[in-house]
Every structure is written in structure tokens, then in C-alpha cells.
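Letters A, B, ... are given to chains in the order of the sequence lines, protein chains preceding strands, and every chain is numbered from 1. All values below come from the heavy atoms of this structure, side chains included, with hydrogens, waters and symmetry mates left out.
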Number of protein chains: 2
Amino acid sequence: MTDATDRTDRSRLAPLDPDMFDPLCPSSEMPFRVGDKWTGMVVRCLEGGPRRFTELRVPLRGVTPKVLSETLRAMERDGLLTRTPYDENPPRVEYALTPLGRTLIPLLDAARAWSEIHLPHLLAARRVHERHASGAAPVA
Amino acid sequence: MTDATDRTDRSRLAPLDPDMFDPLCPSSEMPFRVGDKWTGMVVRCLEGGPRRFTELRVPLRGVTPKVLSETLRAMERDGLLTRTPYDENPPRVEYALTPLGRTLIPLLDAARAWSEIHLPHLLAARRVHERHASGAAPVA
DNA sequence: CTGGATCCCTTGGGATACTG
DNA sequence: CAGTATCCCAAGGGATCCAG
């Protein structure tokens, strides 16, 4: 338990896995994208409950504050999530999926399932063509 | 299976609807993308059977030969479709989905279903924010 | 008919630095 | 902590022209 029982009760939320979007993870090569590069990942980050700006930066490794900010604003604009600032010090802002945003989850699940089953084949086919392109002799 | 009297018997295939990706069609604003801008649409074009290069250009309005060619080569490289040139005159080439390529169809169906149900809400939310951004007074 | 070759422009998005 | 402000680059993709 990270904190007190006050606030929004996110205290029992498991911390986000820093590796959930690890570049080495096959699903990060998922050929399906929702809108832009980060939207799908943000949905994944928020499906367990509201998260704070900095909290999102952990699993979304490499995302710069600028880009994350842009992504979040676009998603808010599209009604996919809500932004809730608290008048405290230090400042605190929470992002949470709207019902509309939650409707994306099954799609992401489907995409993930597809990747787990078929992505290896796609990648294998790609490697074969790369081999040909590189002019290497067929493997004996 | 449609079989072939001559060639691949695409003769009984319904011609592709020129409007199937009309910019005005809601599904063309679909926020889900497969890989790049055109891949998903190409799959849709091919799900009914093999098609020729020029045939694909009809519904994919606005796509330049260069871009379509790049898309098709990338998809072939990834094992999503096959490219079959016929040694005739005038030249004829047919593109057809592979079994792997066909596995994308359910995903596209899911995305389309999502769009039909939820896209209007997303668009509505977007319009509200645009209105605010434009500084227009709230409509009475 | 089926593209390849060029040119070019927009845009996503990364790096870095700086505020309330 | 939660962003904003700049700068900048690579890449997607469109237009146009050309060739087998």
C-alpha cells in the first residue's frame, strides 16, 4: 500500500509494470494502432483505474512529456478520457477512461490476441524477405 | 469457390464499390489502423477475391501508384498477400490475401463494428471541443 | 497495364529546456 | 508534480513524370 486511504482510492491499484510496453515485448510490435502511436497504450495503462501524469510516463518508456501531453489532450477532446486536476500542492492531476474509452478495450484485446497467435508468422515472413534482399545465399 | 473457366474467374466478383472508402463514409474515419494508412483498406478490397493493381486504385481513391505499390510490397513482404504476375500483354498482376492476411478480417470487422456504434459519440465530443476552441459562444 | 523514379511537403514525434 | 515552449528530424505519403 503506497499511501493513505484518502483521495481516490487508487492506493490498492497495482503499480504499472514498467515492462508492459518493453520494446522487447512482441505486442509492442503489434501492427494495429489506435489513432496514433500512444493512444492504445494509454488505454491499457488506464484500464485498471485512474492514473497520474507521471505514473503514465513509467510504462510508456521513451514518451516525452510533450507527446504524452498531446496524446492525452487529444483523447480528452475525443471523449476517451477525463482529466481531473486537484487544487493541491504539489499539483495532482488524474486521468481516467470514460465509458467510451473503455469500449476500446475489447478491440485492444482482440489485437493482442491476434499478435500472440499470428505475429510470429508475420515476422518470420518478413525475415525471409530481408534475407533475400540482403542477397544472402539460401541457407543450406 | 468460384472456380475458373479462364484465368482466375474474377469475372463474377462484384466490382468494388467506388464509395467503400469514400471520405464521407464514417468508417473511413475509423481510428483503428493496421500498420499504415492503407493496409486495412487493401485487406477489405481483397477479402472477396484476387484483384488487380488498377482495380485496387478505384475504391482507394486518392492513393497514388507509388504509395499503393509500397503498401502492396510491404504486405507481400509480411506474408499478408501474394503477388502473381501473368506473362501476358498487356501485363496483368493479381494480388490475393494469404491465410495469414485473412486473419486480419475479423479485426477489421471488430473495428468497423466499433465505429458504427461509437464513432458518432467520439466525433460529437470532438466537435464540442472544437466549438470551445473556436471561442464561439455556447449555442442558445 | 503495372508500376519505378523523383521531388517535396506535412506531420508525428523525439530532445532539451523552462515555468506555475 | 504537471506540464509548456522550441527546435528538429525522419518518414509517410502525395504529385508528377517516365518506362517496360
Under-3.5 Å N/O pairs linking protein and nucleotides 13-20 of chain C:
unit_1, atom_1, unit_2, atom_2, d
C/dG13, OP1, A/Lys37, N, 3.1
C/dG13, N7, A/Lys66, NZ, 3.3
C/dG14, OP1, A/Lys37, NZ, 2.7
C/dG14, OP2, A/Trp38, NE1, 3.4
C/dG14, O6, A/Lys66, NZ, 2.1

For B/Thr103, side-chain hydrogen bond (donor to acceptor under 3.5 Å, both in side chains) partners two or more places apart: A/Trp114
Looking at every strand, decide which applies to B/Arg57 at a 4.0 Å heavy-atom threshold: base, sugar-phosphate, or nothing. nothing
For a quick check of understanding: with a heavy-atom distance under 4.0 Å over all strands, which category does B/Arg83 fall into, base, sugar-phosphate or nothing? sugar-phosphate
Among the clusters formed by ILVMFWY side chains lying less than 4.5 Å apart, do B/Leu97 and B/Leu100 turn up in the same one? yes
Span of DNA chain D engaged by chain A, first through last nucleotide within the 4.0 Å heavy-atom cut-off, is D/dC1 to D/dC7
Whole angstrom is fine here: how far is it from OH in B/Tyr95 over to P in C/dC1? 14 Å
Side-chain N or O of B/Arg73 versus OP1/OP2 of C/dG3: is the shortest distance under 4.0 Å? no
Salt bridge (charged side-chain N to carboxylate O under 4.0 Å, His left out), that's the test. Do B/Asp78 and B/Arg73 meet it? Break it down for me. CA-CA 9 Å; B/Asp78 286 348; B/Arg73 266 188 280 125; over 6 Å; no
d(CZ, B/Arg92; C1', C/dC1) in whole Å: 11 Å
Step-by-step side chain to side chain contact (heavy atoms under 4.5 Å, CB included) determination, B/Val93 to B/Arg52: CA-CA 6 Å; B/Val93 179; B/Arg52 304 174 60 169; over 6 Å; no
Step by step, work out the side chain to side chain contact (heavy atoms under 4.5 Å, CB included) result for A/Glu94 and A/Arg51. CA-CA 5 Å; A/Glu94 280 190 348; A/Arg51 299 284 183 178; over 6 Å; no
Let me confirm one number: the CZ-CG distance from A/Arg57 to A/Leu68, rounded to the nearest 0.5 Å. 7.5 Å
